[in-house]
Amino acid sequence: MTQTGLLQLYNTLKREKQVFIPQDPERVTLYACGPTVYNYAHIGNARPAVIFDLLYRVLSSIYPKVVYARNITDVDDKINAAAAEEGVPIDVISKRYSDAYHDDMAALGVGLPTVEPRATGHIPQMIDMIQRLVDSGHAYVTEGHVLFSVESFAEYGSLSRRDVNEMIAGARVEVSDFKHHPGDFVLWKPSQDPLPGWDSPWGWGRPGWHLECSVMSETHLGDTIDIHGGGQDLVFPHHENEIAQSVCAHGGQTFARYWMHNGFVTVNKRKMSKSLGNTLVVHELLKKHKGEVLRYLLLSAHYRQPLDWSEEALTRIQRTVDRIYGVLRDADVNYGPFETADQVPAPFMSALLDDLNTPDALAQLNSIARRLAKAGNREEAQLAAGELLAAGALIGLFQHDPQEWLAGDTEGLDDALIEQLIAERNSARVEKNFSRADEIRDQLQAMGITLEDVAGGTRWRRSD
RNA sequence: GGCCAGGUGGCAGAGUGGUUAUGCAGCGGCCUGCAAAGCCGUCUACGCCGGUUCGAUUCCGACCCUGGCCUCCA
């Protein structure tokens with residue numbers, strides 16, 4: 001409870017920013033739709049993970065207890081397909097990619113949620129919710145399927161602001177004969193032999209995707225939760241369906257009080273998609289770029305805006321992050337070491353409290369860095385550095401050792417040789433043999449090493 | 001067709017009814033043997049047309065354009 005300002009969030013339900021008031025300040029609940037683990041996470045999957053990780057951090061700095069649930073969908077037709085293709089059991093696929101997801105997210109500074117439920121661990125609860133929906137007339141059984149009846153829920157479509165009947169007129173929905181209404185969706189479907197399945201009152205089968213989130217949310221967070229988040233494309237039908245299931249299963253109670261949706265990551269202004277072949281996998285990006293740079297880039301645009309990904313953007317952010325670490329390093333050499341401040345600087349916090357305005361927050365952070373660079377004495381430096389580190393700790397940036405960060409990946413470099421060449425060059429400089437000195441500098445540059453002559457001597461770093 | 005975002009300076013990207021966003025790049029200067037890094041200074045803005053207003057990039061209306069959702073999708 002360190003903060004006085006009010007948190008404002010844009011609520012998709014109302015299409016406006018609202019002051020966030022938890023139903024119980026002693027236990028704030030947040031649910032974000034996690035990955036379906038059939039492949040490596042792409043950068044578009046990473047965005048909501050980073051955004052809601054940040055929201056969790058901000059909430060946790062305000063409220064004593066925040067329960068954050070981020071599920072893992074480990075039963076899904078895409079997983080089945082991947083398993084069939086490789087000829088391995090389903091859990092080999094889901095284990096491999098959920099492990100990879102954890103590694104990738106950790107590299108992006110995304111911590112584990114409070115609870116990370118898996119769909120396969122909640123089959124009895126799913127069956128129970130379906131039964132309740134059937135019993136209350138919101139779902140019906142037909143040909144081994146259990147379907148949710150959208151006509152049984154008057155508010156259906158309110159989140160996405162759609163009229164089911166008008167939508168269906170578009171005829172893009174695959175209409176199955178056994179559906180009472182074309183908009184009805186599957187809660188339970190039958191499984192045949194190679195596919196995963198469980199016993200149920202409706203036969204051997206598996207759950208529909210939308211149901212999982214309703215059930216896991218109910219199990220771990222309760223009937224009514226504070227905030228539910230996810231990507232914009234989940235608004236319809238996924239979240240709309242979640243609302244229908246949960247509200248109807250809970251006798252009309254509100255499901256989520258605030259709905260938050262992040263914009264897409266685009267590549268060359270186009271949405272990432274398999275068909276366009278422009279999917280950028282985090283696992284691959286991390287081979288060339290540091291996770292912190294990816295995180296900074298993901299936070300550099302407001303979460304509701306589209307974020308265009310490019311090599312140019314990556315280079316730009318890399319320089320920005322390097323510069324700030326450089327400021328920290330220089331200040332450290334001159335006035336350090338520094339203590340992290342107890343309080344997050346007010347302008348920075350205000351920016352985050354304003355619907356997670358991360359571009360503004362990062363602008364504040366940059367301003368603090370400039371103040372640090374200009375600090376003329378230890379007090380000023382400690383003040384600025386303390387704020388910078390505190391702000392960084394909250395947003396998940398600048399917690400590395402500056403020296404180590406700037407040294408970069410020293411793998412494959414011969415430190416001794418570099419030091420020897422630097423010594424040689426400095427001798428040449430003392431002798432005013434500048435052509436020889438420049439020759440050595442060029443030689444190092446060719447090795448990817450950039451030299452900086454500073455007061456204390458010559459230091460080096462990896463070239464950009 | 002229905003619904004929803006958005007068009008800001010070279011680029012990225014916030015924000016605001018009248019006063020510096022911030023970063024990257026550029027330009028000039030300081031520093032340096034020269035660079036690099038850093039610091040100081042500095043040029044490019046608010047899609048188009050109307051309206052409201054003393055004053056609009058910022059509010060209202062029309063228009064043009066871009067992107068997304070409506071089907072698995074972060």
Engineer: Are any side-chain N or O atoms of A:Arg295 and backbone N or O atoms of A:Ile395, one a donor and one an acceptor, separated by less than 3.5 Å?
Structural biologist: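 A pair under 3.5 Å: yes.
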
Engineer: Calculate the interatomic distance between A:Asp354 atom CG and B:rG15 atom P; express it in whole Å.
Structural biologist: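 Going from A:Asp354 (CG) to B:rG15 (P), I get 7 Å.
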
Engineer: Does A:Thr12 use its side chain to pair, donor to acceptor, with the backbone of A:Trp259 at less than 3.5 Å?
Structural biologist: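 Looks like yes, one N/O pair under 3.5 Å.
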
Engineer: Name the closest nucleotide to the A:Ala373 side chain, picking from B:rC40, B:rA74, B:rG38.
Structural biologist: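 Within the option list, the nearest is B:rG38.
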
Engineer: How close or far is atom P of B:rG23 from atom CZ of A:Arg295, stated in whole angstroms?
Structural biologist: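 Atom-to-atom, A:Arg295 to B:rG23, this comes out as 21 Å.
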
Engineer: With a 3.5 Å distance limit and no angle check, can you tell me whether A:Arg436 reaches the backbone of A:Arg425 through a side-chain donor-acceptor pair?
Structural biologist: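 Such a contact is absent between A:Arg436 side chain and A:Arg425 backbone.
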
Engineer: Please say which of A:Thr36, A:Ile93, A:Val37 ends up in a side chain to side chain contact (heavy atoms under 4.5 Å, CB included) with A:Asp74.
Structural biologist: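 It is A:Val37, the one option of A:Thr36, A:Ile93, A:Val37 that forms the side chain to side chain contact (heavy atoms under 4.5 Å, CB included) with A:Asp74.
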
Engineer: Could you check how far CG of A:Leu234 sits from P of B:rC70, rounded to whole Å?
Structural biologist: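 One finds 10 Å between P of B:rC70 and CG of A:Leu234, rounded.
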
Engineer: Taking everything shown except A:Glu85 itself, do over 12 heavy atoms lie less than 6.0 Å from its CD?
Structural biologist: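 No, not enclosed.
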
Engineer: If the C1' atom of B:rA74 is compared with that of B:rC69, how far apart are they to the nearest Å?
Structural biologist: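 After rounding to an integer number of Å, I get 13 Å for this pair.
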
Engineer: Going through the checks in order, is the side chain to side chain donor-acceptor pair (under 3.5 Å) test met by A:Asn241 and A:Tyr156?
Structural biologist: CA-CA 8 Å; A:Asn241 292 354; A:Tyr156 191 80; 2.5 Å; yes

Engineer: Checking only heavy atoms, does the side chain of A:Arg441 share a donor-acceptor pair with the base of B:rC34 at less than 3.5 Å?
Structural biologist: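 Present.
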
Engineer: Any donor-acceptor pair, under 3.5 Å, between the side chain of A:Asp308 and the base of B:rA12, if you only look at N and O atoms?
Structural biologist: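 A donor-acceptor contact between them is absent.
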
Engineer: Record whether the side chain of A:Asp233 comes under 3.5 Å of the base of B:rG68 through a donor-acceptor pair of N or O atoms.
Structural biologist: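 Answer is no: no donor-acceptor pair is held.
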
Engineer: Rounding to a whole Å, what distance do you find between A:Gln318:CD and B:rA12:C1'?
Structural biologist: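 It is 16 Å, rounded to the nearest whole Å.
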
Engineer: Does NZ or CZ of A:Arg304 come closer than 6.0 Å to the centre of the six-membered ring of A:Tyr10, within 45° of the ring's axis?
Structural biologist: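 Yes - A:Arg304 lies over the ring of A:Tyr10, closer than 6.0 Å to its centre and within 45° of its axis.
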
Engineer: With respect to the side chain of A:Arg162, which nucleotide from B:rU22, B:rG2, B:rA12 is positioned closest?
Structural biologist: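 Closest of the options to the side chain of A:Arg162: B:rG2.
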
Engineer: Expressed in angstrom and rounded to an integer, what is the separation of A:Tyr303 atom OH from B:rA74 atom P?
Structural biologist: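 Spelled out: OH on A:Tyr303 to P on B:rA74 is 19 Å.
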
Engineer: RNA chain B: stems of at least 3 consecutive Watson-Crick or G-U pairs, cut-off 3.5 Å?
Structural biologist: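 Stems for RNA chain B, defined as runs of 3 or more consecutive pairs: B:1-7 with B:64-70, B:10-12 with B:22-24, B:26-30 with B:38-42, B:49-51 with B:59-61.
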
Engineer: The test is salt bridge (Lys or Arg N to Asp or Glu O under 4.0 Å); show your working for A:Arg70 and A:Asp53 and say whether it passes.
Structural biologist: CA-CA 10 Å; A:Arg70 187 189 65 204; A:Asp53 169 73; over 6 Å; no

Engineer: Below 3.5 Å between N/O atoms, which protein atoms pair up with nucleotides 25-27 of chain B? Just atom names and distances, please.
Structural biologist:
residue : atom : partner  : partner atom : Å
B:rA25  : OP1  : A:Arg319 : NH1          : 3.4

Engineer: B:rG67 C1' sits how many Å from A:Arg304 CZ, rounded?
Structural biologist: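 One finds 16 Å between C1' of B:rG67 and CZ of A:Arg304, rounded.
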
Engineer: Which of the following nucleotides, B:rG23, B:rG67, B:rC34, is nearest to the side chain of A:Arg270?
Structural biologist: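 Closest nucleotide among those given: B:rG67.
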
Engineer: So, is A:Lys271 close to the B:rC69 phosphate, meaning a side-chain N or O under 4.0 Å from OP1 or OP2?
Structural biologist: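 Yes, within the criterion.
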
Engineer: As a test of reading the structure: which of B:rA14, B:rC34, B:rC40 is closest to the side chain of A:His302, going by heavy atoms?
Structural biologist: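 Side chain of A:His302 sits closest to B:rA14.
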
Engineer: Taking the side chain of A:Lys374 as its heavy atoms from C-beta onward, which of B:rC40, B:rG13, B:rC72 lies nearest to it?
Structural biologist: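 The nucleotide sitting nearest to the side chain is B:rC40.
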
Engineer: Closest to the A:Val265 side chain: B:rG15, B:rC24, B:rA74?
Structural biologist: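 Closest nucleotide among those given: B:rA74.
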
Engineer: State which of B:rC34, B:rG23, B:rC72 makes the closest approach to the side chain of A:Arg425.
Structural biologist: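 Between B:rC34, B:rG23, B:rC72, the one nearest the side chain of A:Arg425 would be B:rC34.
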
Engineer: Output the single nucleotide from B:rG13, B:rU71, B:rU22 whose closest atom is nearest the side chain of A:Pro237.
Structural biologist: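 Of the options given, the side chain of A:Pro237 lies nearest B:rU71.
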
Engineer: Hey, could you give me the CG/CG distance between A:Asp360 and A:Asp355, rounded to the nearest 0.5 Å?
Structural biologist: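 Output value for this atom pair is 12.0 Å.
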
